[in-house]
Amino acid sequence: MKAKDPRLLVQPSPLLKQEMTTAQTMRDVVYALLPATLAAIWLFGLGALLVLVATILGAVLTEWFFSPREQRSTRLQDASAALTGLLLGLTLPPALPLWMAFLGGVVSIGLGKLIWGGLGQNLFNPALVGRAFLLATFPIAMTTWSAQTNGEGFFLWYPSNLALPFMQPQYDAVSAATPLGLMKFEQQPTSLLDLMLGNTAGSLGETSGLLLLVGGIFLLLRRDIDWRMPAGILLSVALFSAVIYAFDTTRFPDPLFAVFSGGLLLGAFYMATDPVTSPLTPGGVWVFAIGVGFLVVVIRLFGGFPEGVMYAILLMNAATPLINRFIQPRVFGRK
Amino acid sequence: MLALSTLFKRSFSHGIHPDEYKDGTARLHSQRMPFVDRYILPLHQHLGAPSKPVVNVGQRVRRGHLIAEPGAFVSASLHSPVTGWVRAIGRRRAPGGRYEQAIEIEADPYATQRLDVDRPPDWRGLSLDDFVSVMQQTGIVGLGGASLPAHVKYSLREGVKIKYLIANGAECEPYLTNDHRVMAERPDALMRGIEILHNLLGAEESIIGIELNKPDAIEALRRHIPPDRPYRVAPLRVKYPQGDSKMMIKSLLNMEVPAGLHAADIGIIMNNVSTIVAIADYFDTGLPYIDRMVTVSGPGIEYPANLIVPLGTPVREVLRFCGGLRKGTKEVVMGGPMMGTPIASLDAPIIKASSGVLAFTQEETARPKEYPCIRCGRCVEACPYFLNPSKLARLARARLFDQIKKANVMECVECGSCTYSCPSGIPIVQLIRAAKSDIRSKKGKA
């Protein structure tokens with residue numbers, strides 16, 4: 001056999017294709033959010049779609065603009081910027097002026113991610129950094145919630161969406177309070193069915209509990225997210241609110257209401273589970289999740305705003321390096 | 001029925017579930033590879049010291065003759081796999097890519113190739129110490145991958161009492177089916193080998209651990225268990241790396257071998273099923289370790305097979321027997337796809353540790369695009385030794401050897417579960433492997 005041998009690679013094992021890629025994980029999260037996103041567009045009309053487009057554009061363009069030329073295409077292909085834009089958009093009120101939404105997307109990626117060194121380096125969840133920025137900068141616009149159009153006025157959009165930068169936006173009369181606001185300031189509960197179906201006012205993505213759950217279960221089945229994170233957050237919120245509820249059943253929300261209202265489901269399934277900003281080890285995830293649950297209840301109870309998921313997650317993000325340092329896996333064969 | 005029982009089988013934690021790719025060869029009966037004209041026998045195909053040649057160039061050797069003796073206690077003998085003439089003793093290509101001392105033997109094409117060996121001793125009359133020295137003369141090494149000369153395991157430390165003998169038939173590496181075929185085709189020989197070891201070691205129970213994906217082997221072995229002997233077959237979940245010795249002990253006995261110790265230190269001897277069959281063969285006929293079963297498979301192979309190959313056969317000849325490499329073959333690996341070594345030249349010979357010869361194409365060898373680590377923790381959840389592979393990889397890249405040692409890098413068995421599970425395509429185990437060998441070589445110099 002004198003035929004020439006093929007040129008052989010000498011590449012160390014393992015030689016099996018990897019199980020999952022980062023880009024695929026990101027895309028999975030986008031797919032999981034699709035039902036809730038479509039529902040938001042249906043419930044709040046075209047204005048909601050415009051807000052989402054603005055945040056995604058802001059995020060993606062920032063990533064593109066600030067990336068080295070040769071890395072632009074790969075960085076956009078991992079879909080993480082688009083996902084950040086989508087997540088940010090889902091935390092915003094539907095009538096938000098588009099320029100604010102766009103700016104939020106820019107800040108999310110710029111201050112939330114790129115300034116740290118890009119994918120994998122940031123300490124805080126980028127989408128929540130963007131939202132915190134918007135809430136601090138435009139407190140009125142960020143807390144003006146619109147009543148739903150329920151699909152009837154699908155092609156209606158909110159005049160305030162098109163407000164010019166730095167001008168006072170005009171709000172129409174149909175504003176409404178979120179379930180958490182109603183509970184906090186007027187002790188008026190919302191029925192669980194309304195919370196599940198999204199028949200409430202609120203930011204785009206936090207209205208339909210049911211669809212968020214469906215997407216979350218999809219992610220769990222695909223093993224894209226760690227089940228401990230949503231389980232830990234939801235259970236600890238339920239537990240801590242149950243304790244408070246036991247003190248005064250009229251002033252404080254019951255545990256189920258606490259779990260299904262506001263941005264908790266969105267936060268628990270889609271934001272706290274961000275791998276970059278959450279702990280590495282299962283034990284660390286439990287600490288993180290219970291910390292988030294505790295802070296959510298405390299902020300909702302004592303804070304000036306009715307909602308506290310954003311700050312709870314951001315605070316625990318800050319604690320993540322510490323958690324990672326102290327909670328390391330126990331080596332096999334060591335006590 | 002089998003699927004349901006898998007769910008409830010006790011197993012080690014973590015690990016991964018790669019596709020098995022065993023269908024191509026799992027039902028192929030083994031066949032004997034014909035003799036070729038030249039054999040290359042590296043003197044260092046086991047852990048420990050190299051063997052020392054006891055033949056001269058030009059000397060005639062017969063199949064089964066001793067050609068190299070152990071160079072130290074942790075070393076093995078080497079026997080001629082063929083009747084012919086010693087043609088050279090010098091440096092030849094070894095599977096790892098380097099040139100190593102080897103004995104080259106030219107086969108006599110007109111010889112009968114009958115085995116020419118002495119009658120083996122009766123194992124019943126042997127003490128454990130005698131057994132150890134007999135084993136060192138057989139050339140048998142651990143065939144599970146590490147190639148520790150077999151006798152070393154049986155020279156127990158003072159005061160150690162063996163409770164369990166475990167025959168490891170997990171064969172958790174994808175593609176490989178050689179252990180599977182040995183168990184399905186030669187359950188009687190495996191039982192004879194277990195009988196020998198069980199009695200000589202004075203074990204209380206002998207367990208054969210097999211992954212559930214080999215139901216025919218499980219069936220065959222169950223039928224061959226002699227009545228009223230404390231032997232049992234234990235089916236195990238199909239999970240990688242089930243065949244790692246500490247993981248299998250965890251799965252079978254729910255015991256954790258303390259870090260830094262060996263299974264023997266807590267009263268357990270584990271051997272690969274092929275090793276045990278080799279021991280049985282030696283005591284049946286005096287056959288030293290000169291042939292081994294090799295799974296030839298992978299997308300680059302025309303006719304996959306389970307071959308019984310004389311040691312020293314060049315990989316080129318094995319591939320030719322199996323129809324040659326297909327077009328588009330990019331890489332040939334000796335061993336399994338998870339832990340095997342790539343071979344740089346088809347001149348490299350089959351050695352005692354060669355459980356498989358696998359040929360891969362572009363699809364398997366293409367390196368994924370590498371993204372930054374997003375600290376998702378998948379590698380942490382895959383690592384069966386509960387290490388933090390992402391951290392080890394980061395430290396290995398930064399060449400922070402002190403820190404990486406503190407992070408228990410030496411506990412890593414290099415199973416590759418971390419690289420397989422990494423969504424960012426980071427070559428974690430490759431980095432760790434390189435760091436470990438750097439640490440070892442530094443130690444050697446100091």
Side-chain angles (χ1 to χ4, degrees), chain A residues 1-26 28 74-75 77-78 80 117-122 223-226 228-229 273-285 320-321 324-325 327-335, chain B residues 16 18-19 97 174 246 256-261 316 320 325 329-333 335-346 360 363-365 367-369 371-378 380-381 383-388 390 408 411 416 419-425 427 429-430 433:
Chain A
M1 179 160 146
K2 280 284 156 233
K4 231 176 142 220
D5 289 342
R7 288 174 64 89
L8 292 180
L9 278 173
V10 183
Q11 189 175 249
S13 53
L15 285 171
L16 291 180
K17 265 226 166 109
Q18 71 197 115
E19 192 176 25
M20 174 57 91
T21 64
T22 301
Q24 185 60 48
T25 317
M26 300 285 175
D28 277 354
T74 54
R75 284 211 186 175
Q77 270 165 19
D78 66 32
S80 58
L119 182 66
Q121 310 297 328
N122 47 305
R223 300 209 310 134
D224 286 318
I225 60 176
D226 190 346
R228 297 172 187 94
M229 184 64 84
T273 52
D274 169 25
V276 178
T277 55
S278 63
L280 199 60
T281 61
V285 169
T320 297
N324 275 342
R325 166 169 287 224
I327 302 188
Q328 285 286 326
R330 176 194 68 95
V331 176
F332 185 90
R334 296 243 170 103
K335 289 287 159 306
Chain B
I16 53 172
D19 284 342
K246 291 186 179 183
E256 274 190 23
V257 181
L261 293 186
R316 182 191 312 283
R320 187 165 69 160
L325 287 175
T329 299
K330 286 271 183 207
E331 179 158 4
V332 177
V333 173
M338 297 298 294
M339 296 183 69
T341 25
I343 60 172
S345 156
L346 298 185
F360 293 105
E363 202 185 326
E364 294 79 23
T365 53
R367 272 272 163 264
K369 183 178 288 165
Y371 288 96
C373 172
I374 53 169
R375 296 197 290 281
C376 61
R378 279 168 194 261
V380 176
E381 290 218 45
C383 178
Y385 280 85
F386 306 157
L387 303 172
N388 183 344
S390 69
N408 299 308
E411 298 300 316
T419 301
Y420 177 76
S421 63
C422 180
S424 293
V429 75
Q430 292 92 326
R433 228 183 256 147

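Chain letters run A, B, ... following the sequence lines, proteins first and then strands; every chain starts at 1.
For L325(B), the part lying under 4.5 angstrom from a heavy atom of chain A is the side chain only. Interface residue K246(B): backbone and side-chain heavy atoms are both found under 4.5 Å from chain A. Looking at V332(B), the atoms closer than 4.5 Å to chain A (heavy atoms on both sides) sit in the backbone and in the side chain alike. For Y420(B), the parts lying under 4.5 angstrom from a heavy atom of chain A are both the backbone and the side chain. Residue contact with chain A, scored on non-hydrogen atoms closer than 4.5 Å, involves the side chain of P174(B) exclusively. Proximity to chain A (any heavy atom under 4.5 Å) is restricted, for F360(B), to the side chain, taken from C-beta onward. For Q11(A), the parts lying under 4.5 angstrom from a heavy atom of chain B are both the backbone and the side chain.
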Start with the C-alpha distance between T25(A) and C376(B), add both sets of side-chain angles, then the distance that settles side chain to side chain contact (heavy atoms under 4.5 Å, CB included), and finish with yes or no. CA-CA 10 Å; T25(A) 317; C376(B) 61; over 6 Å; no

Could you walk me through whether V333(B) and L15(A) pass the side chain to side chain contact (heavy atoms under 4.5 Å, CB included) test, one step at a time? CA-CA 9 Å; V333(B) 173; L15(A) 285 171; 3.1 Å; yes

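Looking at heavy atoms from C-beta onward, L346(B) lies in side-chain contact with L8(A) at the 4.5 angstrom threshold. Taking the side chain as every heavy atom from C-beta outward, L280(A) and N388(B) approach each other to under 4.5 Å. Contact of the L387(B) side chain with the P329(A) side chain is not registered, since no non-hydrogen atoms from C-beta on lie closer than 4.5 Å. Within the 4.5 Å cutoff, the side chain of R433(B) has heavy atoms near those of the P12(A) side chain. A heavy-atom distance below 4.5 Å is found between the side chains of Y371(B) and D78(A).
Here D224(A) pairs with R378(B) in a salt bridge; the nearest charged N to carboxylate O distance falls below 4.0 Å. R334(A) has a carboxylate O that lies under 4.0 Å from a charged side-chain N of E411(B), or vice versa, which qualifies the two as a salt bridge.
Heavy-atom pairs under 4.5 Å with chain A were tallied for P427(B), P18(B), C422(B); the largest tally goes to C422(B).
The backbone N or O of V10(A) sits nowhere less than 3.5 Å from a side-chain atom of E331(B) that would complete a donor-acceptor pair. Without hydrogens or angle criteria, S13(A) side chain to T341(B) main chain gives no donor-acceptor distance under 3.5 Å. Between the side chain of R375(B) and the main chain of P275(A), no donor-acceptor pair closer than 3.5 Å is present.
The heavy-atom pair separating S424(B) from T22(A) by the smallest distance is OG-OG1, 3.0 Å.
Scored by the salt bridge (Lys or Arg N to Asp or Glu O under 4.0 Å) test, R228(A) finds D226(A), E381(B) as partners (sequence neighbours excluded). In terms of the salt bridge (Lys or Arg N to Asp or Glu O under 4.0 Å) criterion, E364(B) has no residue partners (sequence neighbours excluded).
Under a cut-off of 6.0 angstrom, the local environment of CZ in R325(A) is sparse, with at most 12 non-hydrogen atoms contributed by other residues, nucleotides or ligands.
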